[in-house]
Structures are given as C-alpha cells and as structure tokens.
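What follows is a set of notes on a single structure, which appears directly below.
Quick caveat, the model's predicted, so the values are computed rather than measured. In what follows, chains carry the letters A, B, and so on, assigned in the order in which the sequence lines appear, proteins first and then strands, with residues in each chain numbered from 1.
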Amino acid sequence: KDVTITVWAGGSNDSDAYRWEAIEMAADILEREAAIEGEELNITVESKGQFGNWQEFKQAVTLAAEAGTAPNIVVTSHLDIAPWSEAGYIVPVEEYLDLDAWPLNDIYPNLLEIAAFDDVQWGLPQDAESRPFFFWKETMKKIGYSDEEIAALPAKVESGEYTLQNILEDAKKAVDMEVVEKGYGFYPRPSNGPDYAQFYQSFGGELIDEETGKLVLDKKAMEEFYQFFADAVAADVTRKNHLGTDWGQWYKEVANGKAATWHGGTWHFGRYAQEGNQDFWNTIEFSLIPAGNEIGRPNTITHPLVYLITDNTNDDVEEISANLVKIASEPRINSLHAIQSNHLGIAKQQSNIELYANNRWADEATKRLLGHANAQPNHVNYGAYSEALFKGLEAAWTGTKSPAEAVEEVEVQMKATLGDELIIR
Amino acid sequence: MQRSSWLGLAFLSPALIVVLLFFLVPVVLTGIFAFTNMSTATGVKGGSYVLNASSLRALVDAGLPEVTRNQIESAGYRIDEKGLAALAGAHGQDVAEELSKNHAGEVFTKRRDVERALKDLNSNPIRKTRDRKAAADLFKRSILNQRYQSREAFETALNEAGIPKSDRPLITEIAYTGWTWTTANFDLLLSLDSTWQYAKNTGIYVTFTLAFNVIFGLFLAVTTFYLPAAQATTFRAIWFLPRILPPVLYIVLWRWFTWDTGFVSTVLSGFGYPSKNWMLDTEYHAWVTVVLINGFVGASMGMIVFSSAIRAIPTSMLYASEVDGASRWQQVWHIILPQLRWPILFITSYQTMSLLTSFEYIYLSTDGGPGGSTEVWALAAFHTALNNYGGNLQYGLGATYALLLVIIGVLASLFYLRLFNFKNLLTKPRIEG
Amino acid sequence: MKHNFRNWPVLLVLFIFSLPLLIMLTFLVVDTFTTKVPGTLVPNAFTLNHFRFLWTDLDDGSWGIYGVTLNTFIFAASTAAIVTAISVMAGYALSRLSFPARGFFLGSLIVLHAFPTVTLIIAIFLILQILGLYNTLIGVIIVKTALELPFGIWVMKGFYDTVPWEIEMAGVQDGASRFTVWWKLILPQVQPGLMAILIFSFLSGWSEFVLPMVLNPGTEAQVLSTYLATLLLDTNANSDFNLISAVGLFYALPVVIIYLIFQNKLMNIYGGGTKG
Amino acid sequence: MRISIKNFTKTFGDTTVIKDMSLEIESGEMLALLGPSGCGKSTTLFSICGIHRMNAGRLQFGDKDVSKRPPQERNVGVVFQNYALYPHMDVHANIAFPLKVRKEPRTEIERKVREIAALVHIEELLQRKPSQLSGGQQQRVALARALVRKPDILLLDEPLANLDAKLRLEMRSEIRRIQQQTGITAVLVTHDQVEAMSMCDRIALMNKGDIVQVCKPKEMYDNPASDFVAGFLGNPPIAFLDGIAKDGEIRLANSEVGLPLPSNITAPSDGTQLRLGIRPEFFQPQNDLKVTGKVSFVETQGREDLFDVTLANGAILRSIQSRGGDIKLGDEVTWGISREHILAFGPSGERL
Amino acid sequence: MRISIKNFTKTFGDTTVIKDMSLEIESGEMLALLGPSGCGKSTTLFSICGIHRMNAGRLQFGDKDVSKRPPQERNVGVVFQNYALYPHMDVHANIAFPLKVRKEPRTEIERKVREIAALVHIEELLQRKPSQLSGGQQQRVALARALVRKPDILLLDEPLANLDAKLRLEMRSEIRRIQQQTGITAVLVTHDQVEAMSMCDRIALMNKGDIVQVCKPKEMYDNPASDFVAGFLGNPPIAFLDGIAKDGEIRLANSEVGLPLPSNITAPSDGTQLRLGIRPEFFQPQNDLKVTGKVSFVETQGREDLFDVTLANGAILRSIQSRGGDIKLGDEVTWGISREHILAFGPSGERL
Ligand SMILES: Nc1ncnc2c1ncn2[C@@H]1O[C@H](COP(=O)(O)OP(=O)(O)OP(=O)(O)O)[C@@H](O)[C@H]1O
Ligand SMILES: Nc1ncnc2c1ncn2[C@@H]1O[C@H](COP(=O)(O)OP(=O)(O)OP(=O)(O)O)[C@@H](O)[C@H]1O
Ligand SMILES: [Mg+2]
Ligand SMILES: [Mg+2]
C-alpha cells in the first residue's frame, strides 16, 4: 500500500528540522512494523517547514483544511486545537492511539493535558519549552551586583522578593550609568507571542477561569501590566519603537550583551551560541518572569507545539498519521529534536537518554522552570483574546493610548469578539 | 442584432467569465460574509453538530436544566446487554462474557477506561488498538464529543439519548459549530476606536502617497523630457525599477537601507549618530518610509504617463513658446502643465483606487507598525481575515472591512468616471454592416 | 529646444533623488559577491558563497531554487499568455464592435479597478476551492489573470483605438469577415500593445507575492516571491542577509533583463492605454 | 453596373446627414461627388459600399437591391483617402488579400495580381512594404487592391487629397485611364473642383446633405443652377455683384451704377434682390460693358496675373489676364464685362 | 531689420541638411523660401529663429550677430504650419502670452492685444478657445501672436498649407497686407509656387539644402537658372524635350525632327546633350514653329483646357488653351511653339 503523508510545521527554524524528520524516521519504522505483520506499506513523507511566519502558516493550514487538502500532520501551537477541533479540521489522536501504551504513557501528563481540549486528547506534545527572564551578568555586576547576588537572583525571583519593579530600577540604573544604551535596559520580545501573557500573570491576571472555562479579563492586572511597559518606555529603558525590531538583529544584540535584561525562550540557548555567545553559563543568568506586584506571582509559560492529525476522508490515512506521530514521540527520537533545537523533552525517559541527560541546559531549565510553568488555555476564542491583549499593549507601549484607555479599548474589543465567553474582573 | 454584435459578445465572453468569477462573485460573497460571524472555528462551508464540554457550559449558561446536563454528561459508556451482544458478535462470546462478568452494568465516563477494561481481560483477543477502540465504542451511550454532520442525525441522536423534547432546540442551536447570520460585525466596526484609526491611516496613506506619485512623477517626466536621450533613458530606467522589481525584493532593499544595521544607520553612525531603525523608529519615520516605498513605485507610472503625454504635445507648440520668449520654467508652467490636465486627473484617479486597495508593500515593510500606526484599511482587512498571530481568522469581520472598501472604491470610481466625461471615451463603431 | 538650457542643475537634482535607489541596487549587487565586517559598508573579500543556493538545497521543506524558478516561470508565462489573449479579444470588442451594453462594459472595466481583489480573497478562495483549484498553480494563475485583466483590456482598447478605421473598412470591403479582419489585419497593427501587455503581465506575475502566499501555500508550486519571503521573514539564526540578497538578485535578474530588452515597448503601454 | 439610389436618408444619432437623396449613375460612367467639407460625400460613399447602413431609401446595383447586404457581399472596390494599405503586408499581399479571403487558388491569385500590377504600373514594387512607397505608389497599390477582384463598382474617397501638386496631376490621368480601360462604374468623392471637372463624366454637386446639381462638368461651369454652384466652380473664383432689379437693369447696392441683365433671361419685377456672377475671364479690358474701379490687389501666378478691382460701391470684380500689362496696385482701370456671360441669380440664389 | 546668413551649415547627427548656405534678406522685404519637401526650408527657418543651432556660419539681424543667442532673445515672430496655438488658452491669452512672459503691465498687454486683434480682424473672437475657430481664424490668431510684441522679423512656415483653397486665396492677400502695413521683414516658407510668386518680393528656391536661385518671381518664371527651377515653377508644368545639339539645332531623341534653338543663346557644340523647356502657354495653334502630334490627354479645367500632345518620338508637349475648341482625345494636331520662349538647358541642367 502506498501512502503519502504530508507534514507542515509552523514557526520552525532550521534547527527544528526534526519536527518533520522525526516523522520520516517514524515512517521507516512503521513500514518495517507493517512488513513484519505481512503488510506492504510504503510511506512517502512530504514535509514543509518553511513558512514566512506563524500568521502565514496558520492561514495556510486553515485554508487548506477548508479546501480539504490539509496536510495530514501539522506541527503547531497547542492553542490551535480549540478552534480547529471546533471547525472539524482535526481528529483526536485518541481515536487511533492507545494512550496507556508506550511511548504515550511516558509523556508528562501535564504536557498531554495541554494537547487535550474538552477532555479529548486531540494531539501529542511535540516539544516543551519555557520562557525565562534573562540577565546579562556583566551588566548586573557593573551596576553593583556581586557574583553571588547574581547567582541568587533566580531564587529571589522565585520567592517574589525581586519583582518587575526591581527590574525597572536596575535597568534604569544600567541606562543611567551608561552601561547599556538607552532603550536597552529591558529588551523584550519584538513581536506578539505567548510571552506577554506572562507579564499579565505577573500582575495577578488570570487567563481563564478554571471553574467556568471562560476567558478572563482582569482589568486591573491588565492596566498594571500595560503601565509597566509604558513606564519602561518613559524611563528610557525600553525603546518606544521596539516592537517590530528585526528578529535577527534582536538575537544578535541580546546574545552579546547589548541589553541588560530581556526575556525569551528556552530555545534561545542554542540561538545565542549561533550568534557568537558560546559561553552562556558565564554571561547570562536566567529566572522565572518576576512577579509584578504582591498579588502577582513569578511565572513562566510553556508553549509546547503539538502534533495534530487532520481530518481525512480515509480513516486508514488518519491511523497511519497517528501512528507516525506516536512513533515520533519515542524518547530517543524526540530527544534529537529537543537537543538540536534546545527545547525540553516531553517524556520522563528522556532523562535516561544519554544525549539528553548530558545536556546541562536541558537539565537545569527543566528543573528551574518547568515546575512553575503553566500554559495558555485551549479555548476557541483565545486567539482573539491574545490579539486584543497585544493590540492594547502595543497602543500603551507606543504611547498612542494611555494604559487605562488601552484597557478600555481592549474591553470593547474583547466584549465584542468574545461575548459570553468572557469574564471581566 | 447585427452580426458584429455576436462577434463582440463572443470576444468579450472570456473576459466576462473570468471577471464574473473572480471579481463579481467574490464581491457578492464578501457582501454575504459581512453579515456572518464566520471565522476559523465556524469554518466557511457550514458546520456540524457537536456537544462537548465547552458547549455544555454554554448550554448551562443559556438555561439548560441541570437534570438534562447531568443526563448528557453521565451517559458515558455503559456495559449493557446491547453492547455485549455486539461485542460477542465481533469478538466472540468468551470476550463478552468475561467483560460482562467483570463490569456488567458499570458506566465508564471515558472510553479509555473501557479500553483498559478490555485490555485487562484474560483472554484478551483484541490485540489491535484500533479494533479495541471499535469494541469500546460498542458501549458508547454518550453523545458528547460526537460529530454529527446533519441536523437530522443530531436530533435523532438526542432522541435516542432520551433528551427531553423541550431542551432539544436549545441544544441543537448551541451544538451547531457553523456560522450564523449577524450584523454584529458592523456594530463592532463602528464601536472600535481602531476602525477610525484605520480610516485615518488610509486617508494619510492615500493622500501623501498620491501627492508624491503625481508631483514626483511630473517632476521626473518634465526633467527627463529636457534631458538628452541617453540621460533621460537612464533615469527613466532607474525609476522604473521599483515598479518591476519583485515587491519582496524591493522591500528587502528598503529594509537594508533603513534598519538599525542598515545603510543609513551605518553611514550616520560614522558621524556619531546612534544607529536606529529608520523605518520603525517613530510613527513619522514609518509614515515617511511607507509613503516613499509606495511613492517610488507609483512615481514610475506617473512618469511614464506624463512622459508620453508631454511627448504628444506638438513640438511646434514648445518652439512657439520659446520664440515667444518663455523661459524653461515659464514653458513648463504655462505650456506643458496645463496640457497635462487629463493625464494628471487620470493618474490621480487610477492611483487613488490602487492605493485604497493595496497593502502588499506595507505588509512586507512595516506590517502596520509601529503600534498600528501604519495599519491601513485594506491591511486591517487582510490581518483580520487571514493573517494574525492568534490564527483565529475572522472571515466575517474581515469581509465587513472589505465590503466597506468596495463601496468606497466604487463610489470614487463612479465619481471619476463622471469627471472624465465617460461618454467621450466611447466612440461609436464606424462600420455598421 | 533642449540645448537652450543648462542641464546640470536638473541632473543634480535627479541624481540626488535617485540616490537611495542607486545605493540600494549597487549594494544589492556588491553584497552578493562579497563579505564584509558587520557595521561597515566596504566589502573585504570576494565570494561566491552567497550563491550556494544554486548548488545546494537551503532547506528540506522546499523544492530547491530551480523547481521554484520553474514554477515562477510557468506562473508568470501562463498568466501573461492568458491575460494577453483575453485582453486582445475583449479590447477589440470594446473598441470596435457594437453590441448591447457596450458602454456599460467599458465603464465597469474602470470600476473593477476599485475592487480590492486581494481583500476579497476569502471569497476567491472559496470559488477556487469549489473549482478544485485551491493550492494549485492553475488556480493562482487564473486569479492573477483576473486581477490583471482590467488593466490589460484597457490598454489594448487604447491601442485598437489608434488603428485607422479605414484599414478595417478596407478589409471588410475586400470581402473579409469581421473575424478575418481582426485576425489578419488589425491584430498585426496592435502588436506593440500585445507585446507590452505580454511583457507587463509577465513581469507582474513574476513578482506577485500575496496571491501565491494565500492561495498556493503548498510546497509543490512554490514561487520565488514566497521563497524569498520565507528566507526573509524567518527568524532563522542563519537568516543571512547576503544570502537573501543573492537570492533576490537571482530573482530580479530576469525582470531586469527583460526590462532592458523591452523597455521601449513598456514605455509604450501607457501611450496607447490612456488616451482620452 | 448601374447604381441607383432612391430616397436615401442617413442619420447619425440625432443629426440627419443625408435627407431623401436620389441619384442615378450610369454603367461605365465616372461620377464625381463634389462638395464642401462635411456635406455628406463620404457618408454617401460609405452607404453605397455598405459600411454605413441606410436609414431609409433603396440602393440598387443593376437590378439587384443591395440595401440590406453587408459590405462583404456587395462586390465594391473602395480606395480610401489615406489608402488604408495594410502596413504589415507587402504590396503583393495587399493586392492579393481580397482574393485570398475568397480562397481562390494560388496560381489564380498570382496571375491576377500580376495582371493588375501591370495595369497600374507597379510590377517592380510587389515585394516592398507600403511604408517604402511614395504617396503616388501607395495610391496605385490601393487602386490595384480595389480592382483586383473585378468589382462591379469602384468608389474613390478623395484619392488624391494627400498627394503633392505634381503627383496629383499625374494620378488624375492615371486613374481616369484605368477606369476607362476597365470600363468600371466609378464614383469619385472630392472637394476639389479641378479634380472633379477634369476626371469625371458627370459631377453631382452636394451641399449640406443634398444634391444641388448633376450634369457634365462644362455644363455645370457654364450653366450653374445656383450661385452656390457658380461660386464653387471656377479658379480664380467668380465675383458676385449684389443689387436690385430696376427697369430691366440691375442697380448695384450703394451705388447709382446700373448694369444690364443678360439677354437670355426674363427680367424680374422691379425691386427684386438680384445677384450677378462675373467670372474673371469675362472681365477683361477688351470687353464692351465697361466698369471703372481701382486695382486693389495684384497677384502674379506665373503665366497669368490676377487683379481685384474694387468698384466705387465697394464691390469687387476679379480679372485674370495673360501677363504683360504693367498694371500696378492702386491704378484706376476701366475694363469691360462680357454681357452674354453674366450669370444672374434670384433672391434665394437660384439661377434666373 | 536686415537678415544676413553667411555660410550656414546644419547637420542632424550624421546627415548634413544645409551646407554652406548664404542669403541676404533686405529690411522690409518678404522673401519666400520655396522648394520641394525635405529640402531644408523649415530647418533654415528654425535656425533663423534660434530653435535650431547653426553648426557653422553666422547669422546677423541688422548689425547684430545673433548666431549664439537663444530664441527667447532674438525677438522673432514665428507662425507655424499647424499654428501651434496653445489649446488650453483662449485667443486673448494666446496673443497675450509673449507679453506676459515678458511681465509687461496688464493694461499695456490689454492695449496691445486689442490693437493687434484689430489689425488681423479677430476682435470678436478673443474669448474663444482655438478649437472653436476655423482654420483661417486660427491662422490669424497665430499671426497676431507672432506680431504682438513687435518682432524685428516675422517667419512663416507654410502658413497656408492647412487651409482650403478659397481660404488660402483670402489669407494670402491678408498676410501680405499685414506685412506691408507693418513693414516687417518676413520670410515665408512654402512649397507652393503660386503662393511664393503671388505673395513675395523675392523667391529663394531651394533644393537639397542648397539655394538654387534667388530673384523676383517674374524673373524666376521667365529666366529659370536651371531645368529644376523651370520645372518647379509653372502650372500646368513645363514640358521638356530631350535631344542633342546638331548644326545649331536640336535633334530630338529617337527622331529626325529638329527644332531651332532660342536665338539669344550661343549654340553649343554638336553632340551636346540638350533639353528644351516649353511652357504650355507657348505651345499654341497660332504659333509659328509647328509640331505635329496626337492628343493623348484632355482635361477641362473650368475656363481652360489642357492638352497633352504626344509627338512621334514619344515626347510629350503640353498646351493650355482657352476653352472653345472641340479637340478630342486622339485627334492629330499641328500646333506651334513660340520660338523666343523656348528655354534651353545644358547637359547638367544649367540654363544656356
Ligand atoms: N459617425 C458619425 N457620427 C456623427 N456624425 C457624423 C458621423 N460621420 C459623419 N458625421 C457628420 O456627417 C456630416 C457629413 O460627413 P461626411 O464625412 O460625409 O462629410 P464629407 O462630405 O465627406 O466631408 P469631408 O470632405 O470633410 O470628408 C458631417 O457633418 C459629419 O460631422
Ligand atoms: N531633427 C532632425 N533629425 C534628423 N533629420 C532631420 C531633423 N529635422 C529635419 N531633418 C531632415 O532634414 C531634412 C530637411 O528637413 P526640413 O524639415 O527642413 O524640410 P522642409 O524643406 O521644411 O520640408 P517640408 O516641406 O516637408 O516641411 C529632411 O530630410 C529631414 O528628414
Ligand atoms: Mg469625407
Ligand atoms: Mg517644413
């Protein structure tokens, strides 16, 4: 039997090639398994990992699914599960896979949970990560921190002793002392991403109400979160026009100490090395995203990508796809991706894989961050929620609106697009 | 009808078909979409009927009695006679009996539990996962998480599950995943500040770019007209390049030119200016770049139209003005410009339409930034309907944006048609046979 | 009338205005063949490494440059051919033949230009999908054709308008049918227009970005614009500007060459098209 | 082939260009449609060949009613003012085109093209493109193309207007020769009186969509039906004197001078507005009916001199004389009018 | 203002259009530049007004060398063939333009425009746009515009070419009147011999960038310097007979017929190629030097008839006669040549 399986992976860099190569390896294994069972199975994997950006990827998948020509397997944000399942674009992996069997029973349950929606296991986690806060050690020293104090920072952050307000102060100090240039005291991500929800959480904001499953707009937290960025701009520690900075440029700058503090993802570890910073451990310190105030908590968001199986008229194809995804989730195969792209593993046994276990970054990041990580909620309208959240931030950040006004606008927008699915606090 | 009429219609028909399919039908469809809540989640083609945890919550909010909710939630997987009989049929009496012995009458909430029960069987003849799942499904009595493609199928299922008749309409309504009619898009559009911001941005964009196009196009046409042929051709070629260069590449060049590490910054840093992003530094920077990027492209069109219009002015007229004593400036001002009235009007109207509906270059350069300050109407429509980070494509809202743009564009072009005295363009065919 | 004035002030002003373009283009070429120290503008070594995409595959998700180039060529060439064929017929009908509602058709042609086709794309997508042409090269070709058509017809009509009626009359008088007259006598007269449309729509197709991006996201039929955009928008570590420039140069070279060969014909396009 | 036009009316939109015109053209005859610009000459021509549709009226070729036939079926050869050669075809292909669309066999085409090319003397030009031909040569090619398929009728729309003076003279006789040689019925549209008079058997003079007079050239020159006709024909043009009838004479306006009326007309009643037409060749020193005036304009035209003589009342008479006299501007002269050549016109311009 | 052109040469790229031409035009004179199309008339004119630059040579207005001056500074009025009126300005603005660019005060402009409008009789047209004017009216406006700022020199480039026959006649005298009234030095470019002869004091006949002859019209007609000049002037054109000199006679080609040479020339040596020019008015029945031939062409031109007579050797003589004879095509006639009017030309066309 000849089957062609197409795989599309969004938001991928070159180092993420194992997202689809894993499927190719799995295909090989599956073919062999079938051969043993006396079936001749011939799987051709066609993969595409090159998309301009997340926007284009999602648009492409959506339209393709609408046209009935969706790729069989997509690697995408877990947030897409809600709308795509609602629209009927994807089928649950649990239709084809035994979740109690190897290797699925080895996957961290909380990650599996993230790939589920409405109690249905729609997909399988493809990787894990987390989004830490970074400090440039050299700069911190110059503004008066000792090595020990720096080493103690992650703990102070975790305990809530060191907050975002301290970040502002230190960043300001760095700028005022001209250790870094204006606008480089705090150097956030230059485009929309899950990271910004972290800051909302830092000020006590909740994304979803566990009880009712509705999204939450905490106006006070939102305003304080916006205020924080407005303050950062006002204090010259962050550039007003920062959003939209070229990613390549951004990486280069943070990797080489041009910024005092910033935030990013666990995969940055590898990227910094590519940008010329081979000595991460001695130059950069990382921690959770600090709390913003007393109500808030230090936190980090993990935003795993997931393997999803799309709806296909042929159930056999869906089954083969599901099995490929399953095999690709085996610790050994997944570790290839985790280490190559500096993501975190998805399964417990990966710590027993030498490749993975020997990697200090994977090890430490897992320990320091993953325990505190939460994910954004799978909700049909979370996309609209996050769009609105970011739009408000942009307005406050660039000064087109005051934080309060921005929150007003966000409220209007969210009310209109989310309707009953929103709780305003 | 004359024979040439048939030939005329025949000649026109390929164009008509293409235009109908890809201009008129889309406009009509867009008009329709504008009155729906269509989005990624609803799909475009219509939906199916699903009850799941989310819709159940929504149902409760909408007033579904607790009893019914419990009834739906607790239906689950029941090891009953009917299921066992089916299982016996599929996998043999032994299996059915053993399962019956272990779990008869039990209700499992999840299929996974049924699967486990099946796996735990001593005989365990069901080795393949897929078969086991099929076997487990024989006991399924819940309608949760089940996709029904048609209303009838869903209602039949509700009926079989014993849902009270009075609750069914509400359940059916909420379980529907497809789009529904609404005028909310228009209300939303009007209530959002950003709408007005987009309108304002579009105004700025069109006005300034247009002004640049026309004025600079004129400037190029007039100056190259006076230059010797070789120089004129060179400059025309340079200015034609923005138009023929692929937009993606053209924007790459601009980025390289304006970005922090780009040409301007590098050169200025030589003079001690801190390098910055000249494209996105402030709103003003962004606007200047956007206008220049589009202006450079548009100017070439103006240049060519005006150039050919100037060339169409009889040289004797220019000679006449010279022997009449006019200086070059007077010649341009009194003789050339007045005679370019129609080309200028043409370019103005043509470019107004083009600019109103274009966003490609903005999308590739600032993408509406910084902070949405260069987000024009067409780009907003594109972002809303097709291109946002959240991946929830709001087709309905996007169509509303597009529809308004269509209306404005059509009105504007009708206005220009009047201005052009359209009848004059239409000469009657001279062969009547 | 040209010699009576001094040219250099005009030349100077033109030169200053053209400087950004000149710089961009110069460095585009220079960058692709050289390396340089970051933060400087002067190259320090010659290299052909930026053109490695010509002999190695850049990534695993796409076809490699030659396949993409072939797609782009097919896309542009077919678009050009279809646009020209249809415009040549419709332009003649609008210019020369009488039939009911002729004025209406001519008017709509101008109004069509005001339709933001690209924002109507959902609907277009739907139609393509019904026709089974979504995510195929043919689909994008047809949509692109539709987009170019109003302009093409308008230009062709302008060219037909300039053909003397007497030629057509003579043909009819010589006993030829209107079709023969068109095919044998009139068409050869509007060849410059035909060429102009052909070239122009080819260039336009070659450059098109949004349509392939939205309507043709698959791998089989990727075109150069999306290929380049992918390199550009990617947050890749090795998103290497010189490489992008090299691909860009490779991408732009055909259009520039075509332009240089046919520039007179292109300059022509508006002459014929904007009468009145 | 005889052409007969009956009650022909042609309108463009709201404007009626030709109203109720009737005209007969004999077989083998060459008729000139002469008239000022915009009088409807081309419209008539185009209606004959079928490019325009007649709004009313009947058109017959021989006995056949062709009013409703499309141009392709009328078998009419037309030569257009700008020749309308097909610029992308060489001369041979141009001439062969009418045969080719009729799908005649190649050898046949070849033979006919050669034959007609010989007739119009362009054998050596067959391989050239129209743009490589001079005006006269283009003219011949157009003629050849119109004639090659042996049309029943030949129509010529100002065929000489674009040629220079010398060539025009030459082509005039050339066209006439060919027409006579082939014996084809021909209609020549022109606004040049010399052309009409020198080339055609008969002239139909048109004015504002109407035929004013149809007759032989000489007759039209000698016996114009109205002052319009008299004014249109003749170079230098005829001079007019306005006056009123009094005692069988005509009393000139603003003057006491009286002139006798031509002898062959019945004198109109006194007080009638009259107009006398005197051609320059009939106002000469040797004639008897003397008139005195001042020479107000002198022009040398090579072998002849032209004089304008302004009479006391401001009216102007014109005289053309062989060169030799030494009359200068401002001289007072007393020259005579040839009484029997005076043309008299009534109040509405009709010939008396 | 006197115009003096010395050794003027003009090239366009590689082609030399005018080579080493010299010409003097007297103050107040009206000179015609006559010649066939493409001979360089317009080029000369444009060089005088400064639109073209002279490649070599000197141009003087009066005593001032203006060779290097731009057109704006030459103070020359030009009337272009197509009038070159500014279509977006009304007549008033058109005429006022030369004054406006000199920033003259408004009242002054107003006065001058009125004045010149009166001179050319277009007072009532001042508010119209050029497109609302007839050809003759446009012509007058162009003239007014050229004259309004009192130029030293008036240049006219085929000003009458686009007018119809009647209007041309009228404008001819009108332009001459205005030129004489203002006393301006004028150069008229034309390829119409009648125009040149009737309007100008002197004619400069050009051929291929060279001036062939400059003199008074009558003299040029009577005493052409070459066969080119003789052939160019005269309507109907002169007829030529080719032959060789023999015994003080000329023996016609392919024939035994001999004709005597004009008495006022020295007979060339025997065997010289000769050419005789005989104007149609000098080949008449009553003349003495009889020649017999067949009438091969007859043309009625209103008051005169034109005959072509083909001699036995195939040469053609032309005769123009007053109407009245009843000579028909094919008749054999024996008419006479006026011996003293025969023009004889040598082998290279020069007048003997
Ligand atoms: N297609 C048309 N629509 C409207 N009016 C027309 C059309 N064709 C001709 N006319 C008008 O009909 C009248 C006669 O035109 P026609 O061309 O027959 O004149 P003509 O005698 O040939 O003049 P000319 O000597 O200038 O060619 C003119 O007033 C012209 O404006
Ligand atoms: N700008 C130019 N470039 C090249 N050749 C030119 C140019 N202008 C004129 N000529 C050539 O110079 C010659 C003389 O041209 P000119 O216009 O002076 O002739 P003309 O005597 O005015 O003729 P016409 O009676 O046709 O107006 C022609 O052969 C023409 O082709
Ligand atoms: Mg006509
Ligand atoms: Mg000329």
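No part of A:Phe390 comes within reach of chain B, as not one of its non-hydrogen atoms sits under 4.5 angstrom from that chain. Neither the backbone nor the side chain of A:Gln121 has a heavy atom closer than 4.5 Å to any heavy atom of chain B. Within the 4.5 angstrom heavy-atom criterion, atoms from both the backbone and the side chain of B:Val44 approach chain A. Looking at A:Gln376, there are no atoms closer than 4.5 Å to chain B (heavy atoms on both sides), in backbone or side chain. In this structure, the portion of B:Leu393 lying under 4.5 Å from any heavy atom of chain A is its side chain and not its backbone. Residue A:Leu393: no heavy atom, backbone or side chain, is found under 4.5 Å from chain B. For A:Ser77, no part lies under 4.5 angstrom from a heavy atom of chain B. Of the two parts of B:Gln197, neither the backbone nor the side chain holds a non-hydrogen atom closer than 4.5 Å to a non-hydrogen atom of chain A. For A:Asp315, the parts lying near chain B are the backbone and the side chain together; criterion is any non-hydrogen pair under 4.5 Å. Residue contact with chain B, scored on non-hydrogen atoms closer than 4.5 Å, is absent for A:Trp397. Proximity to chain B (any heavy atom under 4.5 Å) is shown, for A:Lys182, by neither the backbone nor the side chain. Looking at A:Glu319, the atoms closer than 4.5 Å to chain B (heavy atoms on both sides) all sit in the side chain, from C-beta outward.
Of all the listed residues (B:Ala53, B:Ala184, B:Ser373), the one sharing the greatest number of non-hydrogen pairs under 4.5 Å with chain A is B:Ala53. In terms of heavy-atom pairs under 4.5 Å with chain B, the best-connected choice from A:Glu66, A:Glu394, A:Gln413, A:Gln59 is A:Glu66. Taking A:Gly10, A:Ala65, A:Gly193 one by one and counting their heavy-atom pairs under 4.5 Å with chain B, the maximum is reached by A:Gly193. Of the listed residues (A:Thr398, A:Asn381, A:Leu97), the one with the most heavy-atom contacts under 4.5 Å to chain B is A:Leu97. Interface summary for chain A: among B:Glu115, B:Arg116, B:Met279, the most heavy-atom pairs under 4.5 angstrom belong to B:Arg116. Most heavy-atom pairs under 4.5 Å with chain B, from the set A:Asp420, A:Val380, A:Leu99, A:Val412: that is A:Leu99.
Comment: B:Arg111 engages A:Glu95 in a salt bridge, judged by a side-chain N to carboxylate O separation of less than 4.0 angstrom.
Environment of NZ in A:Lys415: sparse, with no more than 12 heavy atoms of neighbouring residues, nucleotides or ligands closer than 6.0 Å. Heavy-atom contacts from other residues, nucleotides or ligands closer than 6.0 Å to NZ of A:Lys240 number 12 or fewer. More than 12 heavy-atom neighbours from other residues, nucleotides or ligands sit within 6.0 angstrom of CH2 on A:Trp102. Under a cut-off of 6.0 angstrom, the local environment of NZ in B:Lys110 is sparse, with at most 12 non-hydrogen atoms contributed by other residues, nucleotides or ligands. Around CD of A:Glu405, the count of heavy atoms belonging to other residues, nucleotides or ligands within 6.0 Å exceeds 12.
When side chains are defined from C-beta on, A:Leu63 counts as touching B:Leu386, because their heavy atoms get closer than 4.5 Å.
Taking every heavy atom of both residues into account, B:Gly43 and A:Tyr89 meet most closely at CA-OH, 3.9 Å. Of all non-hydrogen atoms in B:Ser194 and A:Glu409, the two that sit nearest each other are N-OE2, 3.4 Å. Nearest heavy-atom pair across A:Tyr96 and B:Lys133 is C-CE, 3.5 Å. Closest non-hydrogen pair, B:Arg147 versus A:Glu86, comes out as NH2-O, 2.9 Å. Across B:Thr40 and A:Ala87, no two heavy atoms sit closer than the pair O-CB, 3.1 Å.
B:Thr366 pairs by the side chain to side chain donor-acceptor pair (under 3.5 Å) definition with B:Thr374, not counting sequence neighbours. Looking at residues two or more places apart in sequence or on another chain, you find a side chain to side chain donor-acceptor pair (under 3.5 Å) between A:Asp316 and B:Arg130.
B:His383 contributes atom NE2, which lies 9.0 Å from atom CD of A:Glu387 (distance to the nearest 0.5 angstrom). To the nearest 0.5 Å, atoms NZ (A:Lys214) and CZ (B:Arg57) are separated by 8.5 Å.
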Q: Assess whether side chain to side chain contact (heavy atoms under 4.5 Å, CB included) is satisfied between A:Lys391 and B:Glu375, documenting all intermediate values.
A: CA-CA 12 Å; A:Lys391 246 193 198 165; B:Glu375 179 101 355; over 6 Å; no

Q. Under the salt bridge (charged side-chain N to carboxylate O under 4.0 Å, His left out) criterion, do B:Arg112 and A:Asp100 qualify, and how do the steps go?
A. CA-CA 8 Å; B:Arg112 197 167 168 182; A:Asp100 292 331; 3.1 Å; yes

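Just one of A:Val120, A:Asp118, A:Asp119 meets the side chain to side chain contact (heavy atoms under 4.5 Å, CB included) condition when paired with B:Asn52; it is A:Asp118.
Defined by atom type and a distance below 3.5 Å, a donor-acceptor pair is missing between the side-chain atoms of B:Thr129 and A:Asp98.
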